[in-house]
Amino acid sequence: GLDEGFRRGARDARGGDDSEFGMLGGSYGGFMATWLAGHHSERFRAFCSERAVNNLASEEWSSDISTAFITEHGVSHIDDPAEYEQRSPMRAVRNIDKPMLIIHSEEDWRCPIAQAEELWVALKLLGKEVDFYRFPGENHELSRSGSPIHRVQRGVGAAQQFKAAFAPALQEGGNLRRRRRLPARPQPQQGARRGDVEQDEQLRQLLLRRCGQAGDGDGDAVDRLRD
């Protein structure tokens with residue numbers, strides 16, 4: 001079961017400590033990330049939910065594979081909406097108490113962007129700790145065949161999410177340093193739309209190399225990550 005999976009993973013990767021993990025998943029994995037955040041958050045320090053189905057009922061109304069889930073549920077969302085609500089990760093959104101990063105593409109027709117927006121709005125209304133990356137011009141295949149700069153931004157964002165959660169606390173005048181979280185929905189801009197990302201010179205050089213921009217002082221690629 002789930003507990004045995006944690007114990008095995010901890011034994012292999014964390015020296016036997018099965019108390020805390022991070023969770024990242026896309027598509028059905030994103031569904032599971034949001035589900036685990038609402039039902040088993042005590043096991044995790046942070047979550048990243050990518051291109052997820054968060055509300056099964058609205059997914060059936062808008063996805064390019066609408067009606068496909070009838071085979072899973074045995075009934076349509078019209079005949080028994082409660083069945084879809086019961087199985088939706090959004091049902092337990094109030095229980096999410098760990099940092100959540102949402103990643104979604106604006107041209108994802110398999111799991112439309114509204115799936116991410118519903119989770120984002122709910123978590124913001126509840127005062128939860130959440131970031132949201134919106135990728136314009138990308139679809140459900142972002143992590144596999146998206147544009148190079150967007151794939152770098154996606155990877156860096158996810159890495160920063162878990163780095164912040166697992167890195168030892170840094171002290172400044174006796175107070176913990178923590179990443180600033182976005183106070184409202186990100187404003188449209190070129191590249192990924194998100195809150196601020198802690199940056200260092202290594203990240204800067206990585207982005208410049210990946211974007212094929214040579215020379216010092218050319219920070220356009222990095223600027224796309226800033227507010």
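The first residue of the sequence shown is numbered 1, and numbering continues consecutively from there.
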Stepwise side-chain contact (heavy atoms from CB on, under 4.5 Å) test for Arg94 and Leu126:
CA-CA 7 Å; Arg94 289 182 179 275; Leu126 292 169; 3.4 Å; yes
Residue pair Ser27, Glu50: steps toward the side-chain contact (heavy atoms from CB on, under 4.5 Å) verdict:
CA-CA 6 Å; Ser27 198; Glu50 299 189 67; over 6 Å; no
Please test Leu101 against Tyr133 for side-chain contact (heavy atoms from CB on, under 4.5 Å), starting from the C-alpha separation and ending with a verdict.
CA-CA 8 Å; Leu101 173 61; Tyr133 293 18; 3.4 Å; yes
Kindly determine whether His150 and Ser105 satisfy side-chain contact (heavy atoms from CB on, under 4.5 Å), including the steps that lead there.
CA-CA 10 Å; His150 284 169; Ser105 299; over 6 Å; no
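Under the 4.5 Å side-chain heavy-atom criterion for grouping Ile, Leu, Val, Met, Phe, Trp and Tyr, Tyr28 is connected to Met23 within one hydrophobic cluster.
Each of His104, Gln153, Glu106, Arg151 was evaluated against Phe135; a single residue qualifies, Gln153, per the side-chain contact (heavy atoms from CB on, under 4.5 Å) test.
In summary, the side chains of Ser58 and Glu118 do present a donor paired with an acceptor at a separation below 3.5 Å, with no hydrogens or angles considered.
Side chain of Ser49 to main chain of Gly30: a donor-acceptor pair is present (N/O by atom type, distance under 3.5 Å, no hydrogens or angles). Side-chain atoms of Glu59 do not come within 3.5 Å of backbone N or O of Asn54 as any donor-acceptor pair. Checked by atom type and distance alone, the side chain of Gln161 pairs as donor or acceptor with a backbone atom of Pro99 at under 3.5 Å. Distance alone, capped at 3.5 Å, places no donor-acceptor pair between the Ser88 side chain and the Arg91 backbone.
Considering only heavy atoms from C-beta on, Ile78 comes within 4.5 Å of Trp61 through its side chain. Contact check for Met90 versus Leu119: side-chain heavy atoms found under the 4.5 Å cut-off. Within the 4.5 Å cutoff, the side chain of Arg134 has heavy atoms near those of the Ile113 side chain. Between Ile65 and Arg110, the closest side-chain pair of non-hydrogen atoms falls below 4.5 Å.
Rounded to the nearest 0.5 Å, atoms NE2 (His77) and CD1 (Ile70) are 7.0 Å apart.
The aromatic rings of Trp35 and Phe31 sit parallel to each other, their planes meeting at less than 30°, with 60° as the upper class boundary.
At a threshold of 4.0 Å, the pair Glu72-Arg87 does not count as salt-bridged, since none of the basic side-chain nitrogens sits closer than that to a carboxylate oxygen.
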